[in-house]
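Each chain gets a letter, A, B and so on, in the order the sequences are listed, and its residues count up from 1.
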Protein chains: 2
Amino acid sequence: MKKYKPGKIRERNEEVILKAAEQEFVLNGFKGTSVQAIANRAGLPKANIHYYFKNKNNLYKAVLEYITQLWNEVLSDISADDDPAEVLHEFIRTKVELSYTHPRASKLFAMEIIQGAPHIREYIRMDMRQWVRSKTRVFDEWIAAGKMDPIDPVHLIFMIWATTQHYADFETQVLTLMNRAEYEREDIEHITNMVSHVILKGCGLQPLQALATSDMASSTVTTP
Amino acid sequence: MKKYKPGKIRERNEEVILKAAEQEFVLNGFKGTSVQAIANRAGLPKANIHYYFKNKNNLYKAVLEYITQLWNEVLSDISADDDPAEVLHEFIRTKVELSYTHPRASKLFAMEIIQGAPHIREYIRMDMRQWVRSKTRVFDEWIAAGKMDPIDPVHLIFMIWATTQHYADFETQVLTLMNRAEYEREDIEHITNMVSHVILKGCGLQPLQALATSDMASSTVTTP
DNA sequence: GTCTATAATAGGATAGAC
DNA sequence: GTCTATCCTATTATAGAC
């Protein structure tokens, strides 16, 4: 996509700008974000942003492109021979992990879709739909073979996306309700196990994790 | 909250403005929305918006207040004597219905939280937390009585919120992937049944709906 | 490659005529 | 109660000095 040879300085600055832009776009949306605010956060003069990315629209698209690359790597190749329980668990584990490691990417993507996906319509219509179709085809074979309950595969994918991304997108709400400052490693494992257990069992599969009462008990909300 | 006697004109205009504001705020976020854009959509001159709501911040808060009232009515009173399966099903049914009838309210609320909930921090910390605590207390009793699996009640609530609101917030993505223009009544029932089935069964409860294969089969994604 | 200065426009808010 | 005209600030983007 880039036509010029990226030098060392350019490479480093572009990365700094992209990171700053991602944060500002999450905080204030595309329209609500000023190039000045991005420049301040990046520690560069405003004109440099325009020098590297031409205009705000280009910069936003660059950030989104970076994010969609992340999403594309999830559950890349599965087949009907694989074990449904293991695949679904791995799907859930990866998505919870992404919510933990890249919360801002998830948030920005969510905002873009909430606002009607004006910049990534085509990505959804082509790449994403292709991804969904390739997975549902496998799910359908599992159902036909009686390996799992006849849960509509498309909605099953929606359910897993929704549940796992919730911990990134609604981070503020989740943490506030749990009276916590931030997620920790053990929270992520707890969430993975809980979500995996409910969904696998809900699909008529054998859950991979036993429910440890200490792990699952409602000690999550502490009285202030 | 209002100090003046609301006349007929005022009442009608305020409603028109609130509706227009909700749409614009969803499309462009708080910062990205101009009072001019709201005025245009409402079919009123810009100065009238300021006349009725003083400033943009007040207007935004009024929209959010209207939305939180909707949310407060969900699952208002339950007790340990109630049947877990029925309560959870009703919870899911109501939330899916709200996603269908008030998608913009859900979207705006989601955006506010994604951006760090700067305007509704206190609402979450007080009202919402109180609501969650009153529900988890009942769930805990069910678990203690062996009526359902020991699923962490707080995360169970998150899971139901996430799954049901997804159909409002990510409407664009869901519809695009399903190659549909908009939801229909039967979609809503299909979604309710599917989500309810997986979650109830996943919690060790008897699902209320039998899985109709015709209902659950993967005919959702049509080839273009 | 970097930054200051500036043009051109759009924004929130208000005064004051009707 | 309604709306036009206007003030002032912030915004995107660029020109041009370094």
Give every pair of a protein N or O atom and an N or O atom of nucleotides 16-18 of chain D that lie under 3.5 Å apart, one pair per line with the distance.
none

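Take B:K95 and apply the salt bridge (Lys or Arg N to Asp or Glu O under 4.0 Å) test, not counting sequence neighbours, and it matches no residue. For B:S106, the side chain to side chain contact (heavy atoms under 4.5 Å, CB included) partners at least two apart in sequence or on another chain are B:W71, B:Q165, B:A168, B:D169. With sequence neighbours excluded, the residues satisfying salt bridge (Lys or Arg N to Asp or Glu O under 4.0 Å) with B:R125 are B:E122. When the salt bridge (Lys or Arg N to Asp or Glu O under 4.0 Å) test is applied to A:E112, no partner is found at least two apart in sequence or on another chain. Take B:D82 and apply the side chain to side chain donor-acceptor pair (under 3.5 Å) test, not counting sequence neighbours, and it matches no residue. For A:Y60, the ring-ring contact (aromatic ring centres under 6.0 Å, His included) partners are A:F25, A:F30, A:H119, not counting sequence neighbours. Residues forming a side chain to side chain contact (heavy atoms under 4.5 Å, CB included) with A:D127 (at least two apart in sequence, or on another chain): A:Y123. Applying the side chain to side chain donor-acceptor pair (under 3.5 Å) rule to B:E184 yields no partners; only residues at least two apart in sequence or on another chain are considered.
Per the geometry, CD1 belonging to A:I38 stands 12 Å off P belonging to D:dT11, to the nearest Å. Note: CZ (A:F53) to P (D:dT12) measures 16 Å, nearest angstrom. Note: OH (B:Y52) to C1' (C:dA13) measures 18 Å, nearest angstrom. Atom CG of B:N58 is separated from atom P of C:dG12 by 14 Å (rounded to the nearest Å). One atom, CD of B:Q36, and another, C1' of D:dA10, lie 17 Å apart when rounded to the nearest Å. Atom CG of A:N40 is separated from atom C1' of D:dA10 by 13 Å (rounded to the nearest Å). Atom pair B:I9:CD1 and D:dC3:C1' shows a separation of 14 Å (rounding to whole Å applied). For A:K56 and D:dA10, the NZ to C1' distance is 12 Å, given to the nearest whole Å.
With respect to the salt-bridge test (charged N to carboxylate O, under 4.0 angstrom), the residues A:R12 and A:E15 do not qualify. A salt bridge is defined here as a Lys NZ or Arg NE, NH1 or NH2 lying under 4.0 Å from an Asp or Glu carboxylate O, and B:K19 with B:E22 fails to meet this definition. A salt bridge does not link B:K61 to B:E65: none of the charged nitrogens lies less than 4.0 Å from a carboxylate oxygen.
Distances shown here put every side-chain N or O of A:H50 at or beyond 4.0 Å from the OP1 or OP2 atom of D:dT14. The phosphate of D:dG1 (OP1 or OP2) has a side-chain N or O of B:Y51 nearer than 4.0 angstrom.
No contact: A:N57 has no heavy atom under 4.0 Å from any strand.
Of the candidates C:dA13, C:dT2, D:dT2, the closest approach to any side-chain atom of B:N55 belongs to C:dA13.
Against DNA chain D, the stretch residues 41-49 of chain A makes heavy-atom approaches under 4.0 Å through A:K46, A:A47. For residues 22-35 of chain A, proximity to DNA chain D is found at A:T33, A:S34, A:V35, defined as any non-hydrogen atom under 4.0 angstrom from a strand atom.
Residues B:Y66 and B:H102 keep their aromatic ring centres 6.0 Å or farther apart. Separation of the A:H166 and B:H166 ring centroids does not fall under the 6.0 Å cut-off.
Note on the helix from C:dG1-D:dC18 to C:dC18-D:dG1: terminal axis deviation equals 0°, with five pairs used at each end and the result rounded to 10°.
In this model, a donor atom of one side chain and an acceptor atom of the other lie less than 3.5 Å apart for A:H155 and B:Y167.
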